Structure formats: structure tokens, C-alpha cells
Amino acid sequence: MKTQVVRVRGPETEVLECGNGSPLLFLHSGAGPNTHSTEYLERLGERFRVIAPFHPGFGSLPRPRSFRSVSDIAYFYLDLIAQWRLHDVVLVGAGLGGWIASEIAIRTTAPLSRLVLVSPFGIKVGGREERDFVDVHAMSPEQRAALEFNTPAYASIDYSGKTDAELTILARGREAEAHYGWEPYMHNPSLRQWLHRINVPVTLLRGADERVIARRNHEAYVDEIPDCELLTIDGAGHHPHLDAPADFVTAVIASGASRKPSVVAV
Amino acid sequence: MRVYHFSEMPYPAAWEHAEREPIRVSLPNKYYDPKLGADLLNQRLDEYMLADELGFDLMFNEHRSTTTCVVPSCIPTIAMMARQTRKARLLALGATIGVRRDPIMVAEELSFIDVVSRGRLDLGLLKGYPAEIAPSNMNPAGVNSRYWEAHDLIVKAMSNREGPFNWEGEHFHYRQVNILPRPYQEPHPPIWVSCFSPFSAVEVADRGYVCAASLDFNMTVGIFNAYRKRYSELGRPAPGLDRFAYLCLVAVGNTEEEGYERLSKVRGWVWSSGQTPEQYLNPPGFNPIAANVAMMKRHPNKSSWTHHTVGRSGNAFNPSTGPVRNLLDSGMGFAGTPDQVFEQIREFHQSVGGFGSLLAMMQGGDLSHAETTDSLRLFARDVLPRLKELGIPDPAQRVA
């Protein structure tokens, strides 16, 4: 796994890379792409050139002062794609990364071949007194880990043995998650009305044991995107790529294989 | 020395539920009986009015969604006392502007109070306790820069005399700021800030504001020394005693035992302050990243100050449950007969280099109205007159 700091115009972020093949841009959930495991990236690397950045504001580097919202991150990645002259990109986004991926795709799908959303945040469909997303900030770190993961090692909290640098990434990730997603909570009220613009094949992967995001939320996501299928990954919670890496990678490879690009014009 | 009486105006009747539910943020309000609450709040307000007659100044604070302090905003409390008292300074400590959405409304309402009270307001501007994040839903990430922008805006709104001005900042936007009434005091009431670390004392010293430390000898020495050092670095004359305040628990009895017994009831506040669940005590981004790293290294942390305090003698103790005498050693509380309380305050004042204001929590926990009024009367009769004569301590006897 190669790690480098990438500057895109002004702002900088760290990017992990591995593998060869057509490009796959993976946008992480949680505190970063490698905070629990990189097994899923290595498996993807057997088939793709995997590019897995920390979102600006996450990782070892401070958040660029002018980055206020998820839309800033979306434009940052569009600039990164242009700077690296990437095309036919498989864009995969998990959790917050799924929200960012959707914000990219409603702006343009020109550099994308297909999109995989992995338990994405981003839209709210329930009423004002319904929770689409569990309030993970209203529970202890232990309760939150147990809610999000099936894998016992990830579902408990153990900071012992971690370096200051690793703990800094966890702390910054928690802060950045609040910065971008505190209010409105983990969604952009304007996003849903533009999902129709996504004119590449989309697969929405959801853990069979997803306990953070209501199923009706993801069903609405699928309904709003012209060519989108919902696949369930057994044995997985809110982070299927970490709970079930082999099945996750199989699903990514299979995504869009039997489908043709939509005819919706943008 | 001025002495400010205060109470957080708790509702201890609900604390019996602490085994099953946190008494902060999430305790269902069905466990609050407004009829009993009316009795308690009116007793506390009566105590404030008595304290005014007895020569105390008055301090008010606020917390939201909690039975530890059933005062969602200090502003209505101070507004009532602005009319019902005649002499006391009225210290808001404070308006928690890091968790309020409308700083201009804060400036307007507190200016109104300053005018009604004919200039008796002391203006404490605080970031807010982390547990206020959930009730307010204000984003905890960036609270520090939001706090200072709200501060800058309030100071400018109170000081501006020349018609509407524009404010388009990082956090707040107004295009026609022109508050009425303007404050009674010129250009605005004295500003106070609570300090919880020597680091935070530096930015308070930069602005020359009153620096309020609390509850702990060692921390107070660090904070006051940092404040003085900053003044010296800036080439200013040494700060006067009126720049320093110290907050603690105070209980006076007719005997030593009665004073201790009263302090053991007031310190119900210490126990109740330790009942905040971790997720509300450390919302994401509220504390700096380095502080969070330190917390993770201590995880699981079962030793907050409410359960683990180190006294001046170096002995660690649990201030919520241990012998109440321990609180005297750390300066968390002063208690006993009037003579003993005076001597404890005099000695503490000397050791930390002096302070101009004592912020005395003389009601806390389930200390009754009768006990509180007796403690206030004893303090006013036998302690307060002697404290007024406390001058600038001898620097040679200060703890470095």
C-alpha cells in the first residue's frame, strides 16, 4: 500500500494506492480508509488501480480552513480526477463517502463508469420526527462501535497499543464527521431532488445487519436514481467492506456488469 | 473582597433515578414535578433577595436539560433580580454564547438588564458546558472560533453608538446591527470569563477581562500566575485584584460540625456534576484533538475531577463521597464556624496571590432553605465585614 500526500490546487490530503487496472476511487466511511483494516483495498487491488484518499479534514492533516461542507469535498475529488486525468472511474463511496460520491455524480458522471454506494448517508426521507439515521453522538463509543459493526474486533473499543498518530486520526475523524454532518444530520436536504441526474449504473450495497440507517432511506435512494439496484451483504453491519470484505469485493466487481449505461441525458 | 452568592438551583428530588437514567440530557422530564419545582425555584430566588439585603453580590449561571441546574438561561433569572434587588452586582457567569444561535439577542437582553438595574450587570461570556451541545444542537466542531466571533460581535454591538453596522463573519451574519437599549455602563458591562487552564488564561489576560478560576488550589495558582505573567509580557502594570475571582462551595454553621454537615449537602452539586454520560461530556470537536488523544489514552476514564481530586497536601480523594474535610484541603470548599471560614478564605487568598471576588456556592444539593438562609446570615454577620478588609497579599508568600 503506497501512501502519499496529494495537493489538489491548494488543499492537501493523504491518498492510499494499490493495485493495477482501471481506476477505482474509494471514498471512506469512519475516520479513514485504513483505520480498521486494508484487506478490502488489497482485494480490490487485485482487479483495479485503487485510489483511497482521506477526505480533507480527516487523517493526519488539518482540515483546509475554507472547507465548510460535503460539496467542497465533492469538488475537491472532481479536481483530483481531472488533475490525474482519470476516466472510466469506478466510484465507490461508503457511509459519508457514499454521500460525497452522490454529490460528485449529480454534478457530473463524465469521468465515471459506474457508482457503488455502500450504506450511504446523504438524503433524508422520513418525517421531521422520524430518525433516518441513529444519533450516534448520543451514545458511548462502546455502544456506537457495537451498533456499527458485526466483527467482534471492530465492535469493541480498545485504544491500547495505538500510537499517538493513530489516535490523532481517530480524534480528527470524529471532529471532521461532526464538522461536515452535524446539522442537518448526515444529509443535504437538496441532494434527493438531483439524484435523477446520475446516469451511470449504480449499485447500493447494504449490510443485512445495518443498524444505523433505516432501510426505507436506502430504498428511497434506489427509487430516485434511474438505474440503481439494491444488494444486501449477509453478515455485515454499517460497514460491509470491513465486516465482509470478500463478499463486498465480489459485489463491486459484479456491479454494473450486466447493465448498460442509462439513456438519461445530463 | 466582594462576595457573590450563587446556587445552580438544582432539582435533587430526581437524583434518585440516577441508577437507571443519566440525570443530565436524557432524563425524561416526567420526573420533574413543576409544583415542587416552583417551591424550590422560589426558595432560591428568595435566598438571592436575602443575600442582596445582607450585602452579598449575586452570581447566576445556566445549564440546559438537566436536573442539576434547572435554569435553561441565566437571562430571565437576572432580569427578575434586576427589579427585585437594589444593591447587588448581578454577575452572569455566564451567558453561554458558544451554544446560542443569536448573539445579538444576547447583547440586547443583557443590555436591557443593565439598564433596568442601573448598571449593576457583570457580563460573563462563556463557551458553554459540553453537555449543552445536545440540547442546543449547535455544532461542537468549531465551538471555539464560534465563541470568539460571538464575543467580538456582542462587544461591538454593545459599544457601537453610530447606527447600523454590518457583520458577515464565519459563523454569524447580520446586516443591520443597532441594539436598543444600549448598556447603562460605558462602553459595556465589565466582562468576565471562566478559565479552566493556564492556556485559556492567556487570551483572557490579553483582553484584560476578569478571570474566574474554580474549585481547585493547584489549578487556580496555575491560572492566576499565567494571567499575571501575560500582563508582564505585554509590558502592562501588574493586574489588580479585581481581575481575579475564585469559585467554590461555602457553608457556615453555628458549630464546626454544623458547617461541615451543610457543606456535605452543598457538595451534592459535585456528585451531580459527575453524572454526565461520556458522549455528552465530550461531543466531537468540542475539545482539541490533542486533548482527545490524551482522553483516549486514559480510556476508559473513571477519574473525572468529581471523583478524583488532589489536595494541596498531595493526597488524592473522592470529593463526591469522601470525608467532607478533604474539600477544605483542595480549596473546593470552605466550611465551619464563621471564624474558621474566614481563616480558610484568608489563607487561600494569600496562597494564590489574591483575588477580588469570591464566588460562593452557598446553596447546592439538598441544603434546605432554612439552612441556606442561616448560613448566609452567619457569613454576612461574621465573615463578610472582615473579608472586605483583605488587601493585596504579600507576594513573597504566594505559591509560585
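Side-chain atoms are counted along with the backbone in the values below, which use heavy atoms only and exclude waters and symmetry mates. Predicted model, so just to flag it, every value in this text is computed and none were measured. Chain naming here is simple, since letters A, B, ... match the order of the sequence lines and numbering starts at 1 in each.
The ring pair (Phe, Tyr, Trp, His ring centres under 6.0 Å) test with A:F121 singles out one residue from A:F133, A:Y221, A:W99, and that residue is A:F133. Screening A:L117, A:L91, A:V70 against A:S102 for a side-chain contact (heavy atoms from CB on, under 4.5 Å) leaves a single residue, A:L117.
Contact count versus chain B (heavy atoms, under 4.5 Å) is highest, among A:A171, A:G173, A:A176, for A:A171. Considering only heavy-atom pairs separated by less than 4.5 Å from chain B, the leading option among A:Q143, A:K162, A:E183 is A:E183. Contacts with chain B were tallied for A:M139, A:R172, A:H179; A:M139 has the most, counting heavy-atom pairs under 4.5 Å.
Aromatic ring orientation, B:H63 versus B:Y129: perpendicular (interplanar angle above 60°, classes split at 30° and 60°). The aromatic rings of A:F58 and A:H28 lie perpendicular to each other, with more than 60° between the two planes, well past the 30° mark. Below 30°, between 30° and 60°, or above 60°: for A:F248 and A:Y40 the angle between ring planes is above 60°, a perpendicular geometry.
Proximity to chain B (any heavy atom under 4.5 Å) is shown, for A:E177, by neither the backbone nor the side chain. Of the two parts of A:R68, only the side chain, counted from C-beta on, holds a non-hydrogen atom closer than 4.5 Å to a non-hydrogen atom of chain B.
For the 3.5 Å distance criterion, the side chains of A:Y75 and A:R107 qualify, holding a donor opposite an acceptor. Side-chain contact, B:E132 with B:T96: no donor N or O sits under 3.5 Å from an acceptor N or O.
Without hydrogens or angle criteria, B:R267 side chain to B:P319 main chain gives a donor-acceptor distance under 3.5 Å. A donor-acceptor distance shorter than 3.5 angstrom exists from the side chain of A:R63 to the backbone of A:F67, with no hydrogens or angles considered. Between the A:H218 side chain and the A:P120 main chain, a donor and an acceptor come within less than 3.5 Å of each other.
Contacts from residues 134-150 of chain B to chain A, taken as heavy-atom pairs separated by less than 4.5 Å, involve B:N137, B:M138, B:N139, B:P140, B:A141 in sequence order. Scanning residues 10-27 of chain B against chain A with a 4.5 Å heavy-atom cutoff picks out nothing at all.
Taking a 6.0 Å sphere around CZ of B:F165, one finds it holds more than 12 heavy atoms contributed by other residues, nucleotides or ligands.
Residues A:F26 and A:H241 bring their aromatic ring centres within 6.0 Å.
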